[in-house]
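If you're wondering where the values come from, they're calculated on a predicted model, not measured in any experiment.
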Amino acid sequence: MKTPLQQRLMCLALAGAYGMLSTPAQAQTQAQSDVQANPQAAAQPADAAAAAAPATPENTVVVSGSRIAARGFSQPTPTTSLTTADLDKAAKPNIFETLTELPALQGSTGRTVNTFSTSSGLQGLSSLSLRGLGPNRTLTLLDGQRVVGANVTGVTDVSQFPQLLVKRVDVVTGGASASYGSDAVGGVVNFITDKKFTGFKAHVGGGMTTYGDDKNGTLQAAWGKGFADDRLHVTVSGEFTKQGGVDSPGFGEVGSNGRDWYKNPALQESTKDMQAAGLPRYTSILHAQHVQYAKYGLITGGALKGTAFAPDGSPYPFQYGSNCVGNFCVGGDLSGSVGAGTNLAMNFKREVAYSRVSWDLDADNEIYVTGNWAQVTSVFSPSPGAAKQGNLAIKCDNAFLPASVAAGCASGYPGGTMPVGTANAQFPELINVHPTRTQRRFVVGANGKFGMFGKEWSYDAYAEHGENTTVLQVHDITLNPRYNFAIDAVRDPVSGQVVCRSAAALAAGCLPMNLFGNNAVDPATWNYVAPGNGPRQHTDSSQNVVSANINGTLAEGWAGPVSVAFGAEWRREKYAVYGDPYGAGVAYQSPYDASYPQDPTLSTTGDNWFAGNYHNGQGSFNVKEAYVELNIPFLKSATWGEANLNVADREEKYSTAGKARAWKLGATWQTPVDGLRLRAVSSADVRAPNLSELFAATTVTNQAVNNNQGSSIQIQQRNVGNPDLKPESARNNSFGVVLSQPSWARNFNLSIDYYDIKVKNVINSLGAQQEVDLCYAGFQQVCAAVSINGPAGTNFVQAQSFNFASLHTRGVDIEAAYRANLSDYGVPGVVTLRGLASRMIHSISDPGLPGTTPSEGAGNMFGTTPKWKALLSQSWDYGKLGVTLSERWISAGVYNNEYIECQTNCPLPTAAHPTIYDNHIPGATYFDLGATYKFTPQITGYAKVDNLGDRAPVLLPQTNLSMGINPSIYDVVGRTYRAGLRMTF
């Protein structure tokens, strides 16, 4: 229940904001400009730069931590700003890669993340995450405006932004839902473009790694010009970036293109008897050999166990390694290993076209239109072959078995079948995935100023329509039923030809395939097993937004002007996703056609592919919201300094999730101590469930669950969205100290901020057995998804997400900058020092379910939140030359904070607290060196070397063979060289 004051404030916001859509454009307002292009602006926090700017009517500093735009306003929410100079020094092909190095940004995706995945939907997606809370809890804006999501979770793809025109990026490291709306739980990243760019500028650059791969090139150009006495302004830009990636090396213990750091890492699991004797459950090993398959086939059990097949198909004794426990040995024949068989970085291409046309109605008001088209494509291989880990039942009369093996099978396997595992290295191609995301975005808006109540007010309003089409195509991947039919080959008694055993499969076009040895697969056979049209997913997402915001001064208080910002927004988001009939099942949205013809041997309900079984789904929601924000100066004293109170409230109503509320209460105090300012803010923030969580495409699998008597019941597990989800709610508290250019250190800035974020009602998915247990425990909202007491064949559990979990993150951010003219010390040039560091104290995730234990993510190096992450830089500029040395530092951590480290006399491990021999994971330090040289006032050249020491990634073994790395934390590509030219005319 809102109080009368809240109701009046919200009514004022709604009436004023929507009224602005029809306000005459003859009114007056104060001018707004970005942070001054002064020599120190790039070397200090955004709020310090704002404080340093002169307080004149012509210089109102707009920072993204607040909607307030007023002279002298110091907003309490910490904000870090990267200017064009900072972005140019980083010299990355994609601004996204520059931002992910900031300590506060943890858990972002990118072209080195999810390279092992066929079905995640995140492949090639450049999305930002603050505090390790995930991209869906970080709001990414373009000029303060929302951008259509690039997948069904609603997160944006930074690679689709017009990056050459970006002149500043503000990173708001605190809850900002009251000012900007849903999703700003971890904070906001706001890309600010140069809206009045005049002239021509271009950038051409390229590079590659020290291993000769990931060759990349960038070409960008922008042009802007004023017409009709500068009332009409036109800006256009085009960008093309190609990054070649680091391809999969295929099979065996081999690194890509000479990277010798790959050593087949794995976590070896001990037996129950060993654990009972006091040995740890897990031990990290190198040169791990999986004993359930070999490169061209391995018999994994029974009388012929250990018989492998050579490239020519002949049998030979497999060379097992030493120290064999469970699925792994150490050493031995590693030629069939599939752990390294994924791209270290995707082949990546981005194309962006952008235009902005504005018309000045008068000196103070403009209308504008922007258009953006962007396409981002990726290519990568998630896995070589299609490893079968001892789970193939090969019949003794298989036509391709060598005679000696067939005879041994007939005499040694009474059931007539033997277990075989294989890496399927005879496949002619590696699985390759091709995601393509295409954005079309159109905005029409107006901004300016007007007079009201004897004061000057400013406004901005816009309407946006955005569309994003994602097409995911997988090639050279097998259909499981066809593969099984093809390898089950017999000799036809009439013709003597080798054919598929199944008559139904034979009638449907089945062609046999020789599993044993490096046998060239006939193209017709390969087209049957892995048809040219592989798994396909087509997703259409759309977003419509109407938003209006008003800024102004309510009154002149005794301590300064009382300022207000208020506004309203309506937003509608919609998506529809369609798969192919082999993966999604035959349906209206995914019918059989010429590309996917009917095959009676395939399931009509889908899930036929080895991976990439994409299903159909659709959904939409809309939200109405309004906000009001006030800045109230309440102290102005020569003795006690100056202080202001910043308050905000936002009310939201979702068509699906119902009502939500966000608020903010903050204060800043410019103390009487020279240059010292204190700030504090407490906010309630929200994240509404996204389209994927509400309306996830349905998948169905057969499972078994136990009821409360312990009896096993066969069910259908229906994985579905949950339209009854409610918004997540967060409480975000921070306190900071800012030291900005005191008289004793005029060029020094320092900020230290403590933050504490608690998120409740976190949306988390549950498994079938968890839902059954919760229903019996009395959780009625789960019982609606459980039906297990009916006749056989009718029981089901709808596995879906619920608002049970919670997150708790707290830590400290440090940012410092210093600039000095070395001529004062008899040395030429100017030096700029800058440092940013983040200390993650806690990152606790609690599933919120009976029998589960909260887990600590801070320092868990399999996650995204190391305890310390720092970025330091030292720049020296003299005349035309500039040199920058920077350091990226990651502190050491552990495999998992819940593991118990022990070597002997270990306690019995539990699911929540396994035991491990060594729980330590080292950190890393990377050095980057760059230089610029201004050949002419218009042309600047640059060169950059990242990871100067070619520091190899830290290996993080898993319980299956993998690359064993974490690209969310470590540099996995290696030393990289880049060079280019920037031109401005």
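By the 4.0 Å N-to-carboxylate-O rule, Asp214 lies close enough to Arg111 to be salt-bridged with it.
Heavy-atom minimum distance, Gln426 versus Asn519: CB-O, 3.8 Å. Considering every non-hydrogen atom in both Val973 and Ala345, the closest pair reads CG2-CB, 4.2 Å. Across every non-hydrogen atom of Gly252 and Ala340, the tightest pair is O-CB, 4.1 Å.
With sequence neighbours excluded, no residue satisfies ring pair (Phe, Tyr, Trp, His ring centres under 6.0 Å) with Phe240. Partners of Phe116 according to the ring pair (Phe, Tyr, Trp, His ring centres under 6.0 Å) rule, which considers only residues two or more places apart in sequence or in another chain, do not exist here. A search for side-chain contact (heavy atoms from CB on, under 4.5 Å) contacts involving Ala530 returns Thr478, Trp526, not counting sequence neighbours. Here Val471 pairs with Thr469, His538 under the side-chain contact (heavy atoms from CB on, under 4.5 Å) rule; sequence neighbours left out. For Phe380, the ring pair (Phe, Tyr, Trp, His ring centres under 6.0 Å) criterion is met by no residue, not counting sequence neighbours. Every ring pair (Phe, Tyr, Trp, His ring centres under 6.0 Å) that His434 has, sequence neighbours left out, goes to His475. With sequence neighbours excluded, the residues that form a side-chain contact (heavy atoms from CB on, under 4.5 Å) with Ala576 are Tyr578, Gln618.
At least one donor-acceptor pair under 3.5 Å links the side chain of Thr109 to the backbone N or O of Leu125. Of the possible polar contacts, none joining the Thr601 side chain to the Ala505 backbone as a donor-acceptor pair under 3.5 Å is found. Counting only distance, with no hydrogens or angles, the side chain of Thr307 and the backbone of Leu304 share a donor-acceptor pair below 3.5 Å. At distances below 3.5 Å, not a single donor-acceptor pair connects side-chain atoms of Asp213 with backbone N or O atoms of Val246. With Gln289 contributing its side chain and Gly321 its backbone, the two residues share a donor-acceptor pair below 3.5 Å. The closest donor-acceptor contact from the side chain of Glu771 to the backbone of Gln800 lies under 3.5 Å. Using modelled atom types, one side-chain atom of Ser381 and one backbone atom of Ile431 make a donor-acceptor pair closer than 3.5 Å. In this structure, Gln439 contributes its side chain and Gly149 its backbone to no donor-acceptor pair below 3.5 Å. A donor-acceptor contact shorter than 3.5 Å is absent between the side chain of Asn424 and the backbone of Phe427. Judged purely by atom type and a 3.5 angstrom limit, Gln769 uses its side chain to pair as donor or acceptor with the backbone of Asn706.
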Taking it one step at a time, do Ser159 and Ser126 satisfy side-chain hydrogen bond (donor to acceptor under 3.5 Å, both in side chains)? CA-CA 6 Å; Ser159 296; Ser126 302; 2.8 Å; yes
Given the rule in the side-chain hydrogen bond (donor to acceptor under 3.5 Å, both in side chains) test, do Ser378 and Gln123 qualify, once you have shown the distances and angles that lead to the verdict? CA-CA 8 Å; Ser378 306; Gln123 309 95 321; over 6 Å; no
Where do Val772 and Val797 land on the side chain to side chain contact (heavy atoms under 4.5 Å, CB included) test, with the steps shown first? CA-CA 8 Å; Val772 171; Val797 173; 3.9 Å; yes
Show your working on side chain to side chain contact (heavy atoms under 4.5 Å, CB included) between Thr115 and Met346 and close with a plain yes or no. CA-CA 7 Å; Thr115 60; Met346 300 177 192; 3.9 Å; yes
Could you go through the side chain to side chain contact (heavy atoms under 4.5 Å, CB included) check for Val433 and Val474 one step at a time? CA-CA 4 Å; Val433 184; Val474 185; 4.2 Å; yes
Take Asn690 and Leu694, measure what side chain to side chain contact (heavy atoms under 4.5 Å, CB included) needs, and give me the verdict at the end. CA-CA 6 Å; Asn690 59 48; Leu694 292 166; over 6 Å; no
The test is side-chain hydrogen bond (donor to acceptor under 3.5 Å, both in side chains); show your working for Asn468 and Gln160 and say whether it passes. CA-CA 10 Å; Asn468 219 313; Gln160 296 178 326; 3.1 Å; yes
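Among residue pairs with one or both ends in residues 381-410, none qualify as ring pair (Phe, Tyr, Trp, His ring centres under 6.0 Å); sequence neighbours excluded. For residues 393-407, the pairs satisfying salt bridge (charged side-chain N to carboxylate O under 4.0 Å, His left out) are Asp397-Arg501, with sequence neighbours left out. Among residue pairs with one or both ends in residues 328-339, those qualifying as side-chain hydrogen bond (donor to acceptor under 3.5 Å, both in side chains) are Asn264-Ser337, Tyr316-Asp333, Asp333-Ser335; sequence neighbours excluded. The stretch residues 401-419 participates, sequence neighbours left out, in no side-chain hydrogen bond (donor to acceptor under 3.5 Å, both in side chains) pair at all. Note on residues 284-310: pairs passing ring pair (Phe, Tyr, Trp, His ring centres under 6.0 Å), not counting sequence neighbours, are His290-Tyr293, His290-Phe328, Phe309-Phe516.
In this structure, Lys388 forms a cation-pi arrangement with Tyr483, its terminal cationic atom sitting closer than 6.0 Å to the ring centre and no more than 45° off the ring axis.
To the nearest 0.5 Å, the span separating CG on Asp247 from CG on Asn257 amounts to 7.5 Å. Considering CD of Gln292 and CG of Asn327, their distance stands at 5.0 Å, rounded to 0.5 Å.
When the shell of 6.0 Å around NZ of Lys242 is examined, it contains more than 12 heavy atoms from other residues, nucleotides or ligands.
Among Val379, Thr377, Val376, the one residue that satisfies the side-chain contact (heavy atoms from CB on, under 4.5 Å) test with Phe348 is Val376.
Residues Glu693 and Leu691 are not in side-chain contact: their nearest non-hydrogen atoms beyond the backbone lie 4.5 Å or more apart.
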